[in-house]
Amino acid sequence: MHGARASTASVTAALHDVAGLGGFFALQIGGRDDGWYPVARSYVAGCTDLAEAVARRHRTPEPRVDISIAQLGHAARLWSPALACVVLHGIVLDLEGLQRADDGPALRVPHPAGWYADRLDGGARALYEQVTGHLSALADGLRVKIAPRLLDGNSASALAGAAHALLVLRPAVRGPLTALTTALLDTGRLAGTGVLTGPDLMFRRRSCCLYYRAPDGSKCGDCGLADGVPRRALR
């Protein structure tokens with residue numbers, strides 16, 4: 001990727017600020033290497049351990065439901081800090097060296113790096129490629145057959161959920177946040193996955209994450225199948 005690299009100090013400061021938003025926005029930085037491994041290893045293994053954790057928590061009877069929910073959660077952990085760093089600090093994170101915790105879904109960048117978004121030829125595309133590169137690798141390693149457009153819908157849902165949460169927490173960034181989210185949802189595999197339904201950046205997807213098929217599950221607030229049924233957000 002061609003463009004000016006952001007300083008390590010700037011990327012670190014951005015990640016610290018974004019982590020303060022809480023939830024999926026937290027991306028750990030540096031520290032000891034004990035307890036972490038390259039996330040690519042998880043992708044090659046089909047994220048089996050994350051899917052098994054979903055199965056235990058939700059008592060889901062179908063492996064594809066486990067995978068879908070696990071992938072949606074991982075997508076949220078990618079999109080949330082990456083989107084916030086661009087909107088709040090003008091930095092596109094370099095996620096190449098991303099790591100995952102040994103004992104759960106938490107993510108870490110051992111060496112914070114990135115680019116200044118305004119010095120890239122297409123900041124939205126650069127952000128899209130950093131995040132969806134990970135999601136494509138995850139999809140390639142899956143051991144369970146699942147519709148590619150369902151996974152794309154999960155990615156879009158995670159992006160829109162991150163945008164809505166960021167808008168609630170930092171309403172002053174409505175303009176640039178809306179513009180970037182709209183551009184991303186019209187890029188690559190996210191195109192056609194759904195639509196933003198209002199100025200609060202709520203989203204309606206055209207697919208379903210399958211959470212309703214868990215014993216205590218339901219259709220999520222943005223579900224394409226949710227007409228006429230009770231909804232609740234999977235967050």
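Everything numeric here is computed off the predicted structure, so don't read it as measured data.
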- request: Begin with the C-alpha distance, continue with both residues' side-chain angles, and end with the deciding distance and a verdict on side-chain contact (heavy atoms from CB on, under 4.5 Å) for Arg213 and Arg64.
  value: CA-CA 10 Å; Arg213 297 183 70 88; Arg64 67 185 183 128; 3.7 Å; yes
task: For residues Leu88 and Leu166, determine if any side-chain heavy atom of one lies less than 4.5 Å from a side-chain heavy atom of the other.
output: yes
task: Check for a donor-acceptor pair, side chain of Ser68 on one end and backbone N or O of Cys209 on the other, with a separation under 3.5 Å.
output: yes
task: Verify, without hydrogens or angle tests, whether Arg174 (side chain) and Pro199 (backbone) share a donor-acceptor contact under 3.5 angstrom.
output: yes
- line: Test side chain to side chain contact (heavy atoms under 4.5 Å, CB included), reference Trp115, set Ile91, Leu127, Leu120, output is Leu120
Interatomic distance, Arg77 atom CZ to Leu107 atom CG [nearest 0.5 angstrom]: 7.0 Å
query: Can you find a pair of side-chain heavy atoms, one from Phe25 and one from Cys85, that are under 4.5 Å apart?
result: no
- prompt: Donor-acceptor pair, Arg108 side chain versus Gly30 backbone, under 3.5 Å?
  reply: yes
field: Side chains of Pro112 and Ser10 in contact at under 4.5 Å (non-hydrogen atoms)
entry: no
statement: Separation between CG (Asp49) and CG (Asp103), nearest 0.5 Å, reads 10.0 Å
Side-chain donor or acceptor of Arg204 paired with backbone N/O of Cys223 under 3.5 Å: yes
- prompt: Ignoring hydrogens and geometry, is there a side-chain-to-backbone donor-acceptor pair from His111 to Gly97 under 3.5 Å?
  reply: no
query: If we only count heavy atoms from C-beta on, is the Thr181 to Phe203 side-chain gap below 4.5 Å?
result: no
- line: In this structure, CZ of Arg41 is separated from CD of Gln99 (nearest 0.5 Å) by 9.0 Å
- request: Following the transitive rule for hydrophobic clusters with a side-chain heavy-atom cut-off under 4.5 Å over Ile, Leu, Val, Met, Phe, Trp and Tyr, establish whether Val65 and Val144 coincide in one cluster.
  value: yes
Transitive ILVMFWY side-chain link Leu196 to Val86, under 4.5 Å: yes
task: Ignoring hydrogens and angles, tell me if any N or O in the side chain of Ser80 forms a donor-acceptor pair with the backbone of Ala162 under 3.5 Å.
output: no
Between CG on residue Leu190 and OG on residue Ser157, distance to nearest 0.5 Å: 11.0 Å
- request: Begin from the C-alpha positions of Leu98 and His134 and carry the test side-chain contact (heavy atoms from CB on, under 4.5 Å) through to its verdict.
  value: CA-CA 9 Å; Leu98 196 66; His134 280 270; 3.7 Å; yes
- prompt: Can you check side-chain contact (heavy atoms from CB on, under 4.5 Å) on Leu135 and Gln71, steps first, answer last?
  reply: CA-CA 8 Å; Leu135 296 176; Gln71 186 259 6; 4.3 Å; yes
query: Taking Arg143 for the side chain and Thr48 for the main chain, is one N or O donor matched with an acceptor at less than 3.5 Å?
result: no
Steps toward side-chain contact (heavy atoms from CB on, under 4.5 Å) verdict (Val39, His74): CA-CA 11 Å; Val39 73; His74 186 68; 4.0 Å; yes
- prompt: For the hydrophobic clusters of this structure (ILVMFWY residues joined by side-chain heavy atoms under 4.5 Å, transitively), does one cluster hold both Leu15 and Leu169?
  reply: yes
- prompt: Do the side chains of Val173 and Leu93 join up, straight or via other hydrophobic residues, at under 4.5 Å, putting them in one cluster?
  reply: yes
Hydrophobic cluster membership, Leu50 vs Leu72, 4.5 Å side-chain cutoff: no
- request: Taking the side chain as every heavy atom from C-beta outward, state whether Leu27 and Val109 have any pair of such atoms under 4.5 Å apart.
  value: yes
query: Is the number of heavy atoms from other residues, nucleotides or ligands under 6.0 Å of Glu96 CD greater than 12?
result: no
field: Short side-chain to backbone donor-acceptor contact, Trp79 and Ser155, under 3.5 Å
entry: yes
query: Taking the side chain from Arg149 and the backbone from Arg189, do they hold a donor-acceptor pair closer than 3.5 Å?
result: yes
query: Do Leu167 and Thr178 touch side chain to side chain, with heavy atoms closer than 4.5 Å?
result: no
field: CG-OH distance between Asp216 and Tyr211, expressed to the nearest 0.5 angstrom
entry: 7.5 Å
- request: Nearest 0.5 Å please: distance from the CG atom of Leu177 over to the OG1 atom of Thr182.
  value: 8.5 Å
- request: Ignoring hydrogens and angles, tell me if any N or O in the side chain of His164 forms a donor-acceptor pair with the backbone of Asp200 under 3.5 Å.
  value: yes
